[in-house]
Amino acid sequence: MLNMNKNPKRVTLIVLAMITVAFVFSFMGTVLAQTTDTTVPAQGYASGINPDGIIKGSENIPRISIASFAKNILETTGIYAFFVDAKVKATPAGETITVFGWQELLMIIVGFVIIYLGAAKGFEPLLLIPIGFGTVFVNIPFGGMGDAPHGFLNIIYEAGVGNEFFPLIIFMGIGALTDFGPLIANPKTALLGAAAQFGVFGTLFGITAFNFIPGFNFNMKEACSVAIIGGADGPTTIYIAAKLAPHLLATVAVAAYSYMALVPVIQPPIMRALTTPAERKIKMKQLRHVSKVEKMLFPLSVFVLSILLIPSASPLIGCLMFGNFIREIGVVERLSKTMQNELLNIVSIFLSLGVGSQMTPEKFLNPASLSIVFMGLLAFAIATASGIIVAKIMNLFLKEKINPLIASAGVSAVPMAARVSNKVGLEEDPSNFLIMHAMGPNVAGVIGTAIAAGVMIAVYGG
Amino acid sequence: MLNMNKNPKRVTLIVLAMITVAFVFSFMGTVLAQTTDTTVPAQGYASGINPDGIIKGSENIPRISIASFAKNILETTGIYAFFVDAKVKATPAGETITVFGWQELLMIIVGFVIIYLGAAKGFEPLLLIPIGFGTVFVNIPFGGMGDAPHGFLNIIYEAGVGNEFFPLIIFMGIGALTDFGPLIANPKTALLGAAAQFGVFGTLFGITAFNFIPGFNFNMKEACSVAIIGGADGPTTIYIAAKLAPHLLATVAVAAYSYMALVPVIQPPIMRALTTPAERKIKMKQLRHVSKVEKMLFPLSVFVLSILLIPSASPLIGCLMFGNFIREIGVVERLSKTMQNELLNIVSIFLSLGVGSQMTPEKFLNPASLSIVFMGLLAFAIATASGIIVAKIMNLFLKEKINPLIASAGVSAVPMAARVSNKVGLEEDPSNFLIMHAMGPNVAGVIGTAIAAGVMIAVYGG
Amino acid sequence: MLNMNKNPKRVTLIVLAMITVAFVFSFMGTVLAQTTDTTVPAQGYASGINPDGIIKGSENIPRISIASFAKNILETTGIYAFFVDAKVKATPAGETITVFGWQELLMIIVGFVIIYLGAAKGFEPLLLIPIGFGTVFVNIPFGGMGDAPHGFLNIIYEAGVGNEFFPLIIFMGIGALTDFGPLIANPKTALLGAAAQFGVFGTLFGITAFNFIPGFNFNMKEACSVAIIGGADGPTTIYIAAKLAPHLLATVAVAAYSYMALVPVIQPPIMRALTTPAERKIKMKQLRHVSKVEKMLFPLSVFVLSILLIPSASPLIGCLMFGNFIREIGVVERLSKTMQNELLNIVSIFLSLGVGSQMTPEKFLNPASLSIVFMGLLAFAIATASGIIVAKIMNLFLKEKINPLIASAGVSAVPMAARVSNKVGLEEDPSNFLIMHAMGPNVAGVIGTAIAAGVMIAVYGG
Amino acid sequence: MTIIEMFEQSGVLTLLGMGVVFGFLIILVLFMDLVAKIIHALGWDKDAQEGQSVQSGSVTAATGNSAVVAAIGAAVNEYRKTDK
Amino acid sequence: MTIIEMFEQSGVLTLLGMGVVFGFLIILVLFMDLVAKIIHALGWDKDAQEGQSVQSGSVTAATGNSAVVAAIGAAVNEYRKTDK
Amino acid sequence: MTIIEMFEQSGVLTLLGMGVVFGFLIILVLFMDLVAKIIHALGWDKDAQEGQSVQSGSVTAATGNSAVVAAIGAAVNEYRKTDK
Ligand code: NA
Ligand code: NA
Ligand code: NA
């Protein structure tokens, strides 16, 4: 047996011999089968004795000539399709729309721009690169990757993007990656995470205002799906969009992730404008150490409170806290690692590809997309500002002042926003490290956005 | 291109400019689309020139007032639901039943108790923690996590719990983790693994007896699903329940895993009661070393024998031995690691959540659940005792006596039961390490239970 | 709380007490439920006060006697089934066929032969071992592992084998594992990868010729599915078969992987026959170093060209290049590792099991299978030879001669074929390492085969 | 729903939505304070009090060894590649 | 099916089910003995006979290095965290 | 379709299919040459020019350390197993 490696030729011969034996047997079966035929064509079936017969099963195979082949190959190039194609598709609203080849090309370019943004350092590459590829994939003419039921992207979308599955798995992974210690050590920073949700709700007015422009028709469900971008939470955004306005899913998801990547650009000017140098120099007391027991009880506490008070937010909060409990309990290191790594990575790839797969002309190329881009920016700005303002109000009552720079981290975008707080603080005082203090509002922002999402679901149905 | 990181603002501007260009294009499409409208309401559609028009698509959006919102938010709290809720559901038997809010609360508490049991060191935390979270998740009012078709837990359950998928994947992983060496070195200990199956079959009588109590109605299929708990094998238990009595799946799975965790509590008293100190001191000869070729041939041998003799057990045996063959063959280390780690962990999380998702009032809160808990305990006790008794009988005929303490490991619960054998042995003689000897019956118990499951499927249909 | 580990018995008691309380509650529910009964049998339902009653729900449970049990167990052994069984099944062509037990046995033996081939060092064990197990699994009588909808293998097949899903995931993984550097450094070797596709198209004639033999009926779609074996690319082969001739999927996949494993046996004689010793001694200039930017742009370039020129090949090319871009871009190491390892391994296991699950008598035991085995061999031989011949033709025009031994690597079978080039080269000149030069045609062969597949899909429909 | 009505609705939703968000997080803050006090009273936070010095020590070690960590990481990576 | 009948059925199932379980495992034991003898006769078990000393050696090494292993494990873990 | 027709069809498909395959790969080769020239002109390939010595150095190191790598690999493996 172990000699096999030394005699590969003999092995090959033996295998071929075995297959030949199988053949002899197999013929018996087929000879039997042959008798149960249906209607034989006039020419009979092709074989050596009847070379002019028809090959069985070849009836519906198209015939090609050099000319037809050349024409066919030419007409199935992408170049040709981009110029000539015109397909009738249905918009999410049920209206028929003609999608032209150049629109597909435009979307492919959008896809490559997303890839470009993602591939540049620090722009949420883990998400934007696969989203960009998904966008390109789905718009390839004759690619069929988004087609039901067997297209690659359709399979992925149906598996977990159009429902609760992938977003909640991602939340489990985020929970397993997150250390809530800074929030537990200084619980009042949770209020800054709450304040940032003004970015979510305030944006509703802006979206409503867009309705004054002809061509824009946002109803409240759609407005909520757009406004949640201000929460700076990818999975929550996708979760809400899938429930309230699936046709906007891709656009709001891409906007959310793009602005999360742009947090270092959007936030600092607002932070500087709303704070005085003296405020930016406020030093905060070092955080107390948090015991293991507190870290273990925290996820359970948040989960129980969410069940009692706002159960429509419980799927999001529950999965986040499930992941965090697995992390902190210590006895299930295997599961914790899997949630943080393999499972999170695999689902990230699929969720991102699936989000990208919704970036089709009939869903994306409409006025709503543009307004979503502008409203997303507004939402981030409001969230940043309202966090800072609430911090300043809190400072009126607190003995130990809060550095308002940490309040901008309440938008979530963990841990990018906390790093921005730290960076702007260091500009003013190079010895003042705010990162750990900013992590408190930062992780509270995730909880706050989940609660806001729960309110929307409670009001407008899940 | 590489300068992008240095000029994030410029990049942002460029992107916004590109999007605006896309917008110009996009309007063309929608202007065309606008023409294909249907019936316009009397007021016309809303826009700047017709601010009193109806916003398109807003017809079915509910309106909220402060009062209705407050009422709605209040009535969708968990606290309210636990007191007031009453839903009509169908039991597995098809009868309608009213599920009250307090029953959901009770199940959530049961879920947290399961989490508590799991989180405590050594109580099968890898399984009980996710089962507990699944139990809590599915019972959250307004959470909808168990609802078909898009609920998180429903997706998981349909994907692999209600069919053969996850249990068999777990068996592959267990096979890849198991070293059958001790069994190969001392094959006669396999008989102790067989003897422990009395725990499975003997429990049938107990379950039958429960039918004397009004309100209990176990038929043979249900009795088999409960009795298999005595095999101390989670995936086999789930596999059988999914085939013979899906409505009992969660209860028997939780019972099985709980008692597997309680093996160190259940077994020692029985072991001490049935053995004399002299027996407990029996020293066994060191196991011979097992060659690599034997380890490679063993999984194939067991698999072939199961195909020839009891093919209805072959899915279980086959997957176990597939994993073990991958482990022992050595040339596919990649697959072996994946089966042992990532795949096993991911599927464990999903299987456990899916099992938990079956713990609903209409399935769990009935007399059967209580009897299952007691019968599971009985099954473990019978399995332990019968293993020991058979070992004592074998000692009447063997020259090299078997220490009967290793026979209790025949229940499986790998490797917990073998550790218990070792511990009880050390109490009597601190120099007598039984762990390797006990691994033989321990892994044989897994095979034995799979065979018993095969018998049940052969008789009562798969 | 932390004392729990010290008092497991008390914990057990507490838990049992809690369950008993739950029981008290639970009875209320069921007592209510009992009232909503339907028709009670004449004897009444069984209980302690009516021991002669019928056990509710036991009406349809079969009764067993010792004789019937023994008969049943005997008739459900594999041995019995192999001798006696005869099931009516439908062939892929829709004809009814009787599958006998011995045919299932034969397929199980084929499965074990595949396992044997795979388990021997160097024979694509990562794929052939699971394919072999899949083959065995699906043919186990009474195993039901391939049955719709709940069979283990049916679930796997439906999830990703019968559609685009698993093959494209594998291509992503291969992309993430492949270094295209050698091809970028010496692009003209891409032509050798193109030349090897003669192995694909040339085989069409052989398959057509088989139609002369009575019992063989290959139409063009089937011929393409078989010919693509010459591309030596497992996922592409499966992808094409799933689109053009699903009933041949397993056979062509197994043939493709088997011959990929046999490359070291098939290629060297052809290589030696077609080259002179002087040619085999040609030394090639060391490859220039390839910059990171080139490696990053390469996957995007190939992807864009495929979209513009032959979009029907874009799903394959696109996924390959997605994986490669993730690899080369460097900022998403997490995703790159996941694609190369966990995701690739998990999907490999499933794809292979799913391929194996198609190896049933009704699909495999027919004349087509035998011819596929011979045609696969022919395809590999033509591919090898045509690569070498094109290299010799190119040498007529090139100043820097190409060693024609590297041209055989154009068949793909990465990196086996490149190693064979190196080995045959070393036989002639022990200082002439060709491996890096051979990697160019080797990876180009993957692209070339994907283009050939794209042509087939463009012509015969996807 | 007209645009004016939608502004109104947005106002109601903002007012009450922010109320719920703040309400929840304030209750959470109070609850966490309570839990922290109970834990302290029961003495379950000893690991944190003692751990302070230990933890900072381990952090230093980790930072100091970052070159070693990177080296091991690279080695493991290398090993993985060879392994395939 | 009445309760009495179900007791009877349980009896039949126990009797014959245990028969099958024991039957299968006894055949397995005999088969394994046979396989072991054949392997020994063919000399394929040399790795085991020679391996004995080697294996115990490696076990000692592994145990002795457990601190190193733990350190590397921690380092790798640390590396993974930084890596994200 | 008769057998003769199918031979004919195979011929057409071979001729044109190989044309497409060669066409695509020739365009790819030309495009790659172009990209390489542009990259060189822009000076983006400096890492490759400088990297030459560095890379060969690292390769030697990697080879030299293969024992260490294997040891670490084994240790990590061991660690994983204990970990479960
Ligand atoms: Na947020
Ligand atoms: Na067992
Ligand atoms: Na190829």
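Below, read A as the first sequence line, B as the second, and so on, with proteins coming before strands; counting in each chain starts at 1.
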Between D:Gln9 and A:Tyr460, the two heavy atoms sitting closest are OE1-OH, 4.2 Å
Which heavy atom in A:Glu294 sits nearest to a heavy atom in D:Ala36, and how many Å separate them? OE2-CB, 3.4 Å
At a heavy-atom separation under 4.5 Å, does [X] approach chain D through its side chain, its backbone, both, or neither?
X: A:Ala450; answer: neither
X: A:Phe298; answer: side chain
X: A:Leu191; answer: both
X: A:Ala195; answer: both
X: A:Leu309; answer: side chain
X: A:Val459; answer: side chain

In the structure I gave you, are the side-chain heavy atoms of [X] and [Y] within less than 4.5 Å of one another anywhere?
X: D:Leu13; Y: A:Cys224; value: yes
X: D:Leu25; Y: A:Ile451; value: no
X: A:Pro187; Y: D:Leu28; value: no

Residue pair D:Phe31, A:Val302: steps toward the side-chain contact (heavy atoms from CB on, under 4.5 Å) verdict: CA-CA 9 Å; D:Phe31 192 81; A:Val302 180; over 6 Å; no
Using the side-chain contact (heavy atoms from CB on, under 4.5 Å) rule, take D:Thr14 and A:Leu204 through it: C-alpha gap first, then chi angles, then the decisive distance, then the call. CA-CA 8 Å; D:Thr14 302; A:Leu204 290 173; 4.2 Å; yes
Between atom [atom1] of [X] and atom [atom2] of [Y], what is the distance when rounded to the nearest 0.5 Å?
X: D:Met32; Y: A:Lys188; atom1: CE; atom2: NZ; result: 11.0 Å
X: D:Leu34; Y: A:Ser301; atom1: CG; atom2: OG; result: 9.5 Å
X: D:Trp44; Y: A:Met296; atom1: CH2; atom2: CE; result: 8.5 Å

Name the region of D:Val35, side chain, backbone, both or neither, that has any atom closer than 4.5 Å to a heavy atom of chain A. side chain
When the 4.5 angstrom heavy-atom criterion is applied to D:Met6 and chain A, the contacting part is both
What do the steps show when you test A:Met220 against D:Ser10 for side-chain contact (heavy atoms from CB on, under 4.5 Å), and what is the final call? CA-CA 8 Å; A:Met220 280 304 288; D:Ser10 298; 4.0 Å; yes
Indicate the ring-plane relationship of D:Phe7 and A:Phe205, choosing parallel, tilted or perpendicular according to the 30° and 60° boundaries. parallel
Using a 4.5 angstrom heavy-atom cutoff, name the option from A:Ala227, A:Ser306, A:Gly193, A:Ala223 with the most pairs to chain D. A:Ser306
